[in-house]
Structures are given as structure tokens and as C-alpha cells.
Amino acid sequence: MTDTVVTEQFDVIIIGGGINGCATFRDLCLQGLRCLLLEREDFCSGASGASSRLMHGGLKYLETGEFRLVKEALSERNMLFATAPHFVKPLECVVPVVSVWGGLLTTAARLLGLRVRLKDRGLLLTALGLRLYDLYGRSLRATPDHRMVGRRRLRQMLPSLADKHKGAGLYHEGQLTHAERLGLELVLDGLAASPNSRAENHVQVSGRTGESLHYQQGRYARQAQARVIVNAAGAWIDRVNEVLGLTTHLMGGSRGSHLVVDNPSLLQALNGRMIYFGTPDGRVNLLYPFNGRVLVGATDIAQDDPDTAACSPQEVDYLRRAVAMMFPDIPILPDQIVHTFCGVRPLPRADGEVSGVTRDHAIVTLTLPDSQMPVHCLIGGKWTTFRAFSEQVSDRVLADIGRPRRTSTVGLAIGGGRDFPLNASQRSHLTSQLATLGGITFERADCLLDRYGTRARHYCEQLDGHGEIPLRSLPDYTREEIFFILSHEKVGSLTDLTHRRTLIALSGQDHPEVRSELAMLMAEVAGAGVPH
Ligand SMILES: Cc1cc2nc3c(=O)[nH]c(=O)nc-3n(C[C@H](O)[C@H](O)[C@H](O)COP(=O)(O)OP(=O)(O)OC[C@H]3O[C@@H](n4cnc5c(N)ncnc54)[C@H](O)[C@@H]3O)c2cc1C
């Protein structure tokens with residue numbers, strides 16, 4: 001006898017829990033809709049967990065004339081400094097230059113639509129670009145204007161930088177300290193706003209009958225119906241469409257890899273700054289301090305099958321060589337690479353080199369075969385622009401089902417960014433409160449505030465003054481902290497815990513003994529039947 005599968009009713013089904021799916025989920029939940037978010041792996045485990053972790057306008061998009069994108073992204077970046085201050089921090093960036101006039105003619109040709117590579121971005125071009133960047137970033141401005149420095153000042157600032165540089169442009173971007181948690185917090189905020197909504201990770205969309213969508217959750221076959229479908233599956237959009245019965249060729253992915261490097265000399269040489277630099281192949285790469293390590297990225301290689309994307313030895317060599325061009329006396333040794341990650345940018349299908357494909361976002365609306373149901377496919381988009389993009393998508397969905405927008409996400413704080421201290425004295429006050437609540441030291445409370453923003457208050461309340469027990473294998477984390485995450489944050493696998501809920505893997509601490517201790521804690525929680 002087969003079990004009868006009950007069909008659950010929702011207003012909207014969102015397939016894909018990357019940043020665009022998570023943000024659309026939050027926005028639509030806030031409008032009072034009943035939403036179902038389905039993610040086949042974990043939230044932000046696709047491109048959204050593999051980005052360069054910058055909230056940025058995209059200085060290089062000025063070279064291709066994507067002014068609308070730069071303006072929108074800069075305004076969103078500035079807003080994020082206020083709405084997610086726990087995870088989006090200002091980062092000083094240095095653009096070193098080797099010539100004065102380089103790139104002016106090539107840029108003019110590119111703006112006229114010619115496909116030529118920009119191999120040298122000189123002092124004048126950089127100054128012009130940064131000036132435009134300041135102008136486009138005026139809305140909600142949160143960081144100082146750019147400045148140019150000459151050779152002598154540059155050497156004082158970055159003595160280990162290669163001697164060939166004639167000067168540099170200095171400006172600020174946002175550093176996203178924990179992308180995966182920001183995505184998760186959007187989901188949790190959505191669920192808090194619309195308790196009848198559901199967000200499921202580790203589920204497989206398996207097919208469709210009429211307007212019912214089938215998906216597999218562990219051992220259970222499930223069925224759901226809605227009035228609108230949002231396909232937010234990133235590089236997998238065409239594949240999800242196929243499951244829905246739609247044949248599309250919308251996507252053309254580009255693989256990007258990063259290295260996390262444990263090289264104290266390099267970290268020290270950066271002195272807290274990001275170096276954003278062009279390479280002779282016309283690409284722009286970056287390196288900056290990341291959680292006590294150095295993050296180096298990123299490659300840009302056409303990738304047809306997103307499931308097979310992996311950081312190749314050639315990409316590792318390429319990135320090591322790129323850094324050596326900047327810091328010739330500080331080589332990155334193979335055993336200093338403590339972690340690598342790779343993802344596929346969900347770009348629209350286009351001819352030519354992937355580096356030339358637009359990074360702007362667009363919504364392609366299709367109709368489910370034999371039905372009137374709209375399927376909105378979210379193509380492209382930067383991490384930085386997730387709020388604006390999800391607002392545009394949500395407005396379409398609201399129009400589809402004839403509901404007005406109840407509330408805006410403009411300026412709305414996210415998760416642990418709510419009531420986040422605005423200055424050092426407020427921070428110190430809150431940290432003392434957390435320390436007392438939890439029975440922990442001031443330093444530990446400060447670390448929790450960095451990791452979880454003001455969500456740390458809920459955790460410390462649960463500690464109820466009893467303090468914590470550090471993990472044997474990684475004393476930087478505690479048993480209580482891991483139990484809290486396992487109980488409240490939809491952890492479906494050990495990798496969810498090491499790679500996304502915590503920075504354990506990203507900081508190169510994902511050692512076998514750590515994994516085995518964490519696995520034991522997971523077993524304890526599962527044994528105790530703690531819901532998550
Ligand atoms: C190397 C690299 C560097 C980048 N750097 C930056 C940067 O510094 N700043 C910036 O703003 N942007 C950056 N980006 C761009 C940004 O990361 C992406 O545009 C953004 O994350 C795309 O989000 P998404 O939600 O559309 O796609 P994804 O994050 O890929 O999400 C799609 C999700 O759909 C899920 N899925 C797939 N198939 C199914 C299915 N059948 N059922 C259910 N779920 C499914 C996947 O598991 C995945 O989680 C970078 C991207 C890359 C790859």
C-alpha cells in the first residue's frame with residue numbers, strides 16, 4: 001500500500017536557496033504571503049557561498065559601461081553597511097598602477113562596443129573610474145571619497161608591493177565577513193514574519209503533475225501547489241525548468257575559484273587592505289585579509305556543467321602567480337593553501353568570452369505548460385544587489401496574485417544586524433551585558449557579537465549565566481554554541497556546519513579531529529530529538 005501524499009497549498013514556491021532565493025523568500029514572507037523555499041543542498045551552497053565576499057559596486061563594470069548596475073550596487077552596498085553591520089564592514093582597497101596613460105584608448109573602444117582586452121589600467125584611467133565611482137556611490141554614502149597616491153606614499157603604505165608601481169588609487173568597499181550566515185538570516189527573518197511559510201534545505205524537486213510540484217525530503221515524497229513559481233536556481237535554472245517541463249537555454253555559467261592562504265607575511269604586508277589589481281591577461285584579481293588568513297581570487301572560466309565545477313590545479317597556479325606579480329618576495333607555498341572554494345556565476349547565455357558577459361540581473365518570465373502559472377527565472381545578479389533584485393521579483397509576484405506591497409525592505413535590518421551597536425561605547429555596553437547574561441568573559445562576548453551580531457543575545461540568554469565548554473579539538477568554538485546552531489539553524493549535514501554556519505572550513509580549521517568531534521555533537525542532538 002502506498003502512502004497518500006497530501007498537497008500543501010502556498011502562494012509562491014521558490015526553487016533555489018542561494019542569496020536571490022533567500023532574499024525573495026524574506027521579501028514575500030514580509031508581504032504576508034505563504035511561501036515555500038526549496039533548496040536541494042544547503043542555503044548559500046552554490047555561487048552564493050563561493051563569491052569574493054565583497055559588497056561592491058563593481059569598479060570593473062565601469063569599463064564595460066554597466067553604469068546602471070554600478071549605481072544600484074553602490075547604493076545597495078551603502079545600505080548594507082547599516083542593515084547588516086555585523087557582516088558587512090568597510091574595507092580599504094588599493095588599486096596599484098604601472099603607467100600614467102595606460103588603458104584610455106582601449107576603454108574608449110570598449111565603451112563603443114569593441115571587444116578588446118584592457119591589459120593596463122593607468123593612473124588617469126583609475127582616477128577617472130574612482131571619481132565616477134564616488135559619484136555613483138553618493139546615495140546613502142557611508143565611506144570616504146577615493147584618493148590617489150604617488151609612488152613614495154604607496155611604498156610607505158605597502159613596502160612589500162612590487163617596485164614597478166607608479167602609484168595607486170585608494171577607495172573603500174564592503175567586506176562580507178560571513179556570506180552564508182547572512183543568507184540564512186534572511187530565511188529566518190522570513191519565517192519569523194510568516195510562520196506558515198516553510199524553508200527546506202536538502203530537498204530534491206523531482207517533477208510536476210499539472211500544477212502540483214513533487215519533491216523528495218529525506219524518505220518522504222511531498223507535493224505542493226502555488227500560484228506562482230520563482231526559479232532561483234542560479235546556474236541550474238535550465239535544469240529546474242526541465243523538471244517543470246520547460247525547455248530553456250537561458251544560462252551560461254562562469255567558474256570562479258578562490259584560495260584561502262595561511263601566510264602571515266602576506267597578511268602583514270596587506271596591513272588590513274585589499275589589493276585589487278589587473279593581470280596581463282586583462283583580468284582583475286584581488287587579495288585581502290580574511291579571518292586571520294588571506295583570501296585570493298578569482299578565476300573566470302566558462303563552465304557548462306555547474307555540478308562538476310571544482311578548483312583546478314591550473315587555477316591554483318594562476319592565482320599564486322598573480323599574487324607573486326604583486327608581492328614577488330612573499331611566495332605562496334603549496335602547503336599554505338588551507339582551503340579552496342569554487343562556484344559558478346549564474347550568467348545569461350551569451351557568445352564570446354565569459355569575462356565580457358553582463359553581470360547585471362534580469363527576470364525572465366515563462367508560463368508553465370498547460371497552465372497559466374507564471375515561472376519567474378532570476379538570471380544573474382550580484383550578491384551585493386540581492387535586496388533590490390528580490391524587491392523587483394517580489395513586485396512581479398505580488399502583481400501576479402493581485403496583492404499590494406505591505407512593507408518595503410529598504411533600510412530593513414537583517415538578523416543579527418538589528419539593534420547592532422553604532423559606536424564603540426554602545427558596543428562595549430552590549431558586550432558587558434552579554435558577558436553577564438552568559439557567564440562568559442568580555443572577550444568571548446565580543447567574539448560572539450562578531451560571529452552572530454545581536455542574535456548573540458538569544459544565545460547568551462540560553463546560557464543563563466552557566467558559561468560554556470570549549471571544544472577539545474577547536475577551543476575557539478564551544479559545545480553550547482554548536483548545540484545552539486544545531487537546534488536553531490536548519491543544519492542538515494556536517495558540511496553545513498563546518499562550511500556555512502561557522503567559519504571553520506573557510507579559515508582552514510576543518511581538520512579530521514574537528515569534524516569527528518562535531519559529528520559526535522550532531523549525533524547527541526539527533527539522539528536527543530532536538531528539532532531544527
Ligand atoms: C567566483 C565568484 C565571485 C563572485 N564575487 C562576487 C562578489 O565579490 N560580490 C558580489 O556581489 N557578487 C559576487 N559574485 C556573484 C554572486 O555570488 C552571485 O551572482 C550570486 O551568489 C548568485 O546567487 P543565486 O542565488 O542567483 O545563485 P546560487 O547561489 O548559485 O543559488 C542557486 C541555488 O539553487 C540550488 N539549486 C540548484 N538546483 C536545484 C534544484 N533542482 N532544486 C532546488 N534547489 C536547486 C543550488 O543548490 C543553489 O544553492 C561572485 C560569484 C562567483 C562565482
Side-chain angles (χ1 to χ4, degrees), residues 13-25 36-61 69 72-74 76-77 80 88 91 173-176 179-180 182-183 186 200-207 213 215-217 229-244 251 253-258 274 276 284-286 288 295 297-301 303 306-307 309 311 315 319 340-348 354 359-362 377-387 389-390 393 500:
I13 298 173
I14 302 163
I15 305 174
I19 187 55
N20 289 321
C22 294
T24 303
F25 178 77
L36 174 64
L37 173 63
L38 299 175
E39 162 57 48
R40 77 170 184 170
E41 306 269 337
D42 187 22
F43 306 114
C44 291
S45 60
S48 302
S51 89
S52 299
R53 297 164 189 273
L54 290 181
M55 291 302 199
H56 66 154
L59 190 55
K60 65 184 172 189
Y61 310 135
L69 171 62
E72 182 183 66
L74 283 171
E76 291 296 317
R77 178 201 72 180
L80 281 157
V88 182
L91 175 66
E173 292 291 12
Q175 175 184 3
L176 179 55
E180 296 78 359
L182 191 56
L186 289 167
E200 309 290 0
N201 50 355
H202 301 284
V203 294
Q204 197 65 39
V205 177
S206 48
L213 194 73
Y215 65 98
Q216 193 72 29
Q217 186 169 32
I229 292 179
V230 173
N231 180 349
W236 294 268
I237 278 180
D238 290 322
R239 296 191 183 179
V240 166
N241 280 340
E242 202 178 318
V243 176
L244 298 177
M251 306 308 295
S254 139
R255 177 172 97 231
S257 294
H258 289 85
M274 176 170 100
Y276 191 60
V284 184
N285 292 302
L286 53 85
Y288 67 87
L295 184 68
T299 52
D300 198 0
I301 301 166
Q303 174 83 28
D307 283 328
C311 175
E315 286 169 276
L319 291 169
T340 63
F341 57 90
C342 172
V344 180
R345 299 174 182 88
L347 303 181
V354 282
R359 305 297 154 114
D360 208 345
H361 51 80
C377 305
L378 314 195
I379 317 291
K382 303 293 296 170
W383 232 107
T384 314
T385 52
F386 72 81
R387 193 212 59 83
F389 193 17
S390 66
V393 178
R500 288 176 286 277

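Just follow the structure's listing: the first ligand is 1, and inside any ligand the first atom is 1.
Nearest-heavy-atom check against atom 9 (N) of ligand 1 across V203, L54, T299, L378 picks out L54. With distances taken over non-hydrogen atoms, the option nearest atom 47 (O) of ligand 1 out of E41, R40, E39 is E39. Taking each of H361, H202, R345 in turn, the one with a heavy atom nearest to atom 53 (C) of ligand 1 proves to be R345. For atom 23 (O) of ligand 1, the nearest non-hydrogen atom from the set P306, S48, G253, A233 belongs to S48. Closest to atom 15 (C) of ligand 1 by heavy atom, among F43, W383, Y215, is W383. Scanning A73, C44, G58, A50 for the heavy atom closest to atom 2 (C) of ligand 1 points to A50. Checking N20, T384, I15 against atom 24 (P) of ligand 1, the nearest heavy atom belongs to N20. With distances taken over non-hydrogen atoms, the option nearest atom 18 (C) of ligand 1 out of G234, G380, G381 is G381.
Looking at ligand 1, you won't find any N or O of V344 less than 3.5 Å from one of its N or O atoms.
Proximity to S51 (heavy-atom distance under 4.0 Å) selects the following atoms of ligand 1: 2 (C), 3 (C), 4 (C), 5 (N), 6 (C), 13 (C), 14 (N), 17 (O), 50 (C). Residue contact check: R53 has heavy atoms under 4.0 Å from atoms 8 (O) of ligand 1. Taking every heavy atom of L38 and a limit of under 4.0 angstrom, the matching atoms of ligand 1 come to 43 (C), 44 (N). Residue-ligand proximity, G343 to ligand 1, at heavy-atom distances under 4.0 Å covers atoms 53 (C). Each of the following atoms of ligand 1 lies closer than 4.0 Å to a heavy atom of G46: 29 (O), 30 (O), 49 (O). Heavy-atom contacts of G256 reach the following atoms of ligand 1: 1 (C) (cutoff under 4.0 Å). Against a heavy-atom cut-off of under 4.0 Å, W236 is close to the following atoms of ligand 1: 30 (O), 37 (C), 38 (N), 46 (C).
Within a 6.0 Å radius of CD in E242, other residues, nucleotides and ligands contribute 12 heavy atoms or fewer.
By the criterion of a heavy-atom distance under 4.0 Å, the side chain of H258, and not its backbone, is placed next to ligand 1. Only side-chain heavy atoms of H56 come within less than 4.0 Å of ligand 1; its backbone N, CA, C and O stay farther off. Looking at A232 against ligand 1, only its backbone comes within 4.0 Å, counting heavy atoms. Residue contacts with ligand 1 for V240 involve side-chain atoms from C-beta outward but no N, CA, C or O (heavy atoms, distance under 4.0 Å).
No side-chain heavy atom of P346 sits less than 4.5 Å from a side-chain heavy atom of I237. Between Y215 and V243 there is no side-chain heavy-atom pair separated by less than 4.5 Å.
For atom 22 (C) of ligand 1, the nearest protein heavy atom (residue, atom name, distance) is P346 CG, 3.7 Å.
H361 is linked by a ring pair (Phe, Tyr, Trp, His ring centres under 6.0 Å) to F389, counting only residues two or more places apart in sequence or in another chain.
Pairs engaging residues 377-386 under the side-chain hydrogen bond (donor to acceptor under 3.5 Å, both in side chains) rule: Y61-K382 [sequence neighbours left out].
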